[in-house]
J.: 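Here's a structure for you.
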Amino acid sequence: MKKQDYITWDEYFMGIAIFSAERSKDPSTSVGACIVSEDNKILSVGYNGMPIGCSDDEFSWEREGNPLDTKYFYVCHAEMNAILNYTGPYMKGAKLYVTLFPCNECTKAIIQKGISEIIYLSDKYADTNATRAAKKMLDATGITYRKYQPINREITISL
Ligand SMILES: Nc1ccn([C@H]2C[C@H](O)[C@@H](COP(=O)(O)O)O2)c(=O)n1
Ligand SMILES: [Zn+2]
């Protein structure tokens, strides 16, 4: 008889998004993303970080102050990185697993790439206009989104 306690597709891909977030240098919010084809093949992964060539030791990780001296103008979001990291030709019908609901800017790229479903872990910025605008575009384009439902399985990885 086959092993019964294997992880689901959702656990597998959200697990990879969560693990990818561990690469982030952002001290307040680490975000990870995993893009998966219709037939459950991983196409790409990403996490939030400074663009290539913009040193994450030199660019600011501050949240407040002069906007030019905060992270917000510079950091590349996890979803954007996952989309840009993909070198293949075809992303139509793909699913995006992401640890934080996409912002409006990433949503534009998600739409243009033909991603058809978003599975997210946290929606902690639901009350911001960036998230409201993202949902407005997703609703208009028929891209579905659903909150990941954890089943509280604990898996420990020793590295
Ligand atoms: N969907 C998102 C939203 C935000 N991010 C990144 C951008 C920042 O590095 C961080 C949010 O920082 P906070 O304002 O919580 O200090 O998360 C992303 O990658 N994807
Ligand atoms: Zn974004």
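Both ligands and their constituent atoms are indexed starting at 1 by order of listing.
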J.: Need the ligand 1 atom indices (1-based, order shown) with element for anything under 4.0 Å from a heavy-atom of C103.
T.: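 So the answer, numbered in order with elements, is 1 (N).
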
J.: Keeping N81 on the side-chain end and Y47 on the backbone end, is there a donor-acceptor pair under 3.5 Å?
T.: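 Yes: the side chain of N81 pairs with the backbone of Y47.
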
J.: Residue-level breakdown please: for S28 versus ligand 1, do any non-hydrogen atoms fall below 4.0 Å on the side chain, on the backbone, on both, or on neither?
T.: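 Contact part for S28 vs ligand 1: side chain (C-beta onward).
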
J.: Looking at Y72, which atoms of ligand 1 are within less than 4.0 Å of one of its heavy atoms?
T.: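 Near Y72, meaning under 4.0 Å from one of its heavy atoms, ligand 1 has 13 (P), 14 (O), 16 (O).
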
J.: Regarding N129 and T131, do their side chains bring together a donor and an acceptor under 3.5 Å, going by distance alone?
T.: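 No.
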
J.: Record the part of H77 in heavy-atom contact with ligand 1 below 4.0 Å; permitted values are side chain, backbone, both and neither.
T.: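 Both the backbone and the side chain of H77 come within reach of ligand 1.
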
J.: Between E38 and K95, is the closest basic N to carboxylate O distance under 4.0 Å?
T.: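 Salt bridge absent between K95 and E38.
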
J.: State plainly whether the residues K71 and D56 are in salt-bridge range, i.e. N to O under 4.0 Å.
T.: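 A salt bridge is absent here (no side-chain N lies under 4.0 Å from a carboxylate O).
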
J.: Is any side-chain heavy atom of L96 closer than 4.5 Å to a side-chain heavy atom of P102?
T.: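 Yes. Closest side-chain heavy atoms under 4.5 Å.
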
J.: Any idea which atoms of ligand 1 are less than 4.0 Å away from a heavy-atom of D26?
T.: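 That gives atoms 8 (C), 9 (O), 10 (C), 12 (O) of ligand 1.
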
J.: Only heavy atoms of Y125, strictly under 4.0 Å: list the atoms of ligand 1 that pass.
T.: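 Per the distance check, 13 (P), 14 (O), 15 (O).
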
J.: Between S60 (side chain only) and D69 (backbone N and O only), is there a donor and an acceptor less than 3.5 Å apart?
T.: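 It does hold such a pair.
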
J.: Within the 3.5 Å criterion, strictly below it, is a donor on Y145 or D139 matched to an acceptor on the partner's side chain?
T.: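 Indeed, the side chains of Y145 and D139 share at least one donor-acceptor pair under 3.5 Å.
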
J.: Going by the side-chain contact (heavy atoms from CB on, under 4.5 Å) test, name the single residue among M14, E117, E79 that passes it with Y97.
T.: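 Of M14, E117, E79, side-chain contact (heavy atoms from CB on, under 4.5 Å) with Y97 is met by M14 alone.
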
J.: Please work out whether any backbone atom (N, CA, C, O) or any side-chain heavy atom from C-beta onward of V31 is under 4.0 Å from ligand 1, and answer side chain, backbone, both or neither.
T.: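 For V31, only side-chain atoms sit under 4.0 Å from ligand 1.
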
J.: In terms of the angle between their ring planes, are F13 and W9 parallel, tilted or perpendicular, with boundaries placed at 30° and 60°?
T.: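 The rings of F13 and W9 lie parallel, inter-plane angle below 30°.
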
J.: For the Zn ion (ligand 2), report each protein N, O or S atom nearer than 2.8 Å, sorted by chain and then by residue number.
T.: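 Near the Zn ion (ligand 2), below 2.8 Å, one finds H77 ND1, C103 SG, C106 SG.
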
J.: Answer yes or no: is there a donor N or O on one side and an acceptor on the other, between the side chain of E22 and the main chain of F19, under 3.5 Å?
T.: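 Looks like no, no N/O pair under 3.5 Å.
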
J.: Answer with yes or no whether C106 contacts ligand 1, where contact means a heavy atom under 4.0 Å from a ligand atom.
T.: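 The answer is no: ligand 1 sits nowhere under 4.0 Å from a heavy atom of C106.
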
J.: Provide the number and element of each atom of ligand 1 under 4.0 Å from a heavy atom of R63.
T.: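 So the atoms of ligand 1 that pass are 13 (P), 14 (O), 15 (O), 16 (O).
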
J.: Show, in sequence, the C-alpha distance, side-chain angles and deciding distance for D39 and S37, and conclude whether the side chain to side chain donor-acceptor pair (under 3.5 Å) test is met.
T.: CA-CA 5 Å; D39 57 345; S37 69; 2.5 Å; yes

J.: Can an N or O of T29 be found at a distance shorter than 3.5 Å from an N or O of ligand 1?
T.: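 Yes - when backbone and side-chain N and O of T29 are compared with those of ligand 1, one distance drops under 3.5 Å.
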
J.: Would you say S24's side chain and A21's backbone share a donor-acceptor pair under 3.5 angstrom?
T.: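 Between the backbone of A21 and the side chain of S24 there is no qualifying donor-acceptor contact (under 3.5 Å).
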
J.: What residue and atom, counting heavy atoms only, is the protein's closest point to atom 6 (C) of ligand 1, and at what distance?
T.: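 Residue, atom and distance for the closest contact: N48 ND2, 3.6 Å.
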
J.: Is it the case that the side chain of K147 and the backbone of L121 share a donor-acceptor pair, with hydrogens and angles ignored and the cut-off at 3.5 Å?
T.: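 Judged by distance alone, yes, a pair lies under 3.5 Å.
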
J.: Hey, is the main chain of D127 close enough, under 3.5 Å, to the side chain of R132 for a donor-acceptor pair?
T.: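 Yes.
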
J.: Purely on distance, is any nitrogen or oxygen of C76 under 3.5 Å from one on ligand 1?
T.: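 No, C76 has no N/O under 3.5 Å of an N/O on ligand 1.
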
J.: Please write down residue, atom name and distance for the protein heavy atom closest to atom 1 (N) of ligand 1.
T.: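 The closest one turns out to be E79 OE2, 2.6 Å.
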
J.: Can you report which non-hydrogen protein atom sits closest to atom 3 (C) of ligand 1, along with the distance?
T.: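 Result for atom 3 (C) of ligand 1: L100 CD2, 3.5 Å.
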
J.: With a cut-off of 4.0 Å, which atoms of ligand 1 are near a heavy atom of V75?
T.: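 Ligand 1 atoms under the 4.0 Å threshold to V75: 7 (C), 8 (C), 9 (O).
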
J.: Scan side-chain atoms only and decide if T29 and K124 contain a donor-acceptor pair under the 3.5 Å cut-off.
T.: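 There is such a pair between these side chains.
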
J.: Of all the non-hydrogen atoms in the protein, which one sits nearest to atom 12 (O) of ligand 1, and at what distance?
T.: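 Protein heavy atom with the smallest distance to atom 12 (O) of ligand 1: K71 NZ, 2.9 Å.
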
J.: With heavy atoms only and a cut-off of under 4.0 Å, state how F101 meets ligand 1: side chain, backbone, both or neither.
T.: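 Backbone only.
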
J.: Is it true that Y47 lies under 4.0 Å from ligand 1, counting heavy atoms only?
T.: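 The answer is no, since Y47 has no heavy atom less than 4.0 Å from ligand 1.
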
J.: Give the residue and atom name of whichever protein heavy atom lies nearest to atom 19 (O) of ligand 1, and the separation in Å to one decimal.
T.: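 Nearest protein contact, heavy atoms only, for atom 19 (O) of ligand 1 is A78 N, 2.9 Å.
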
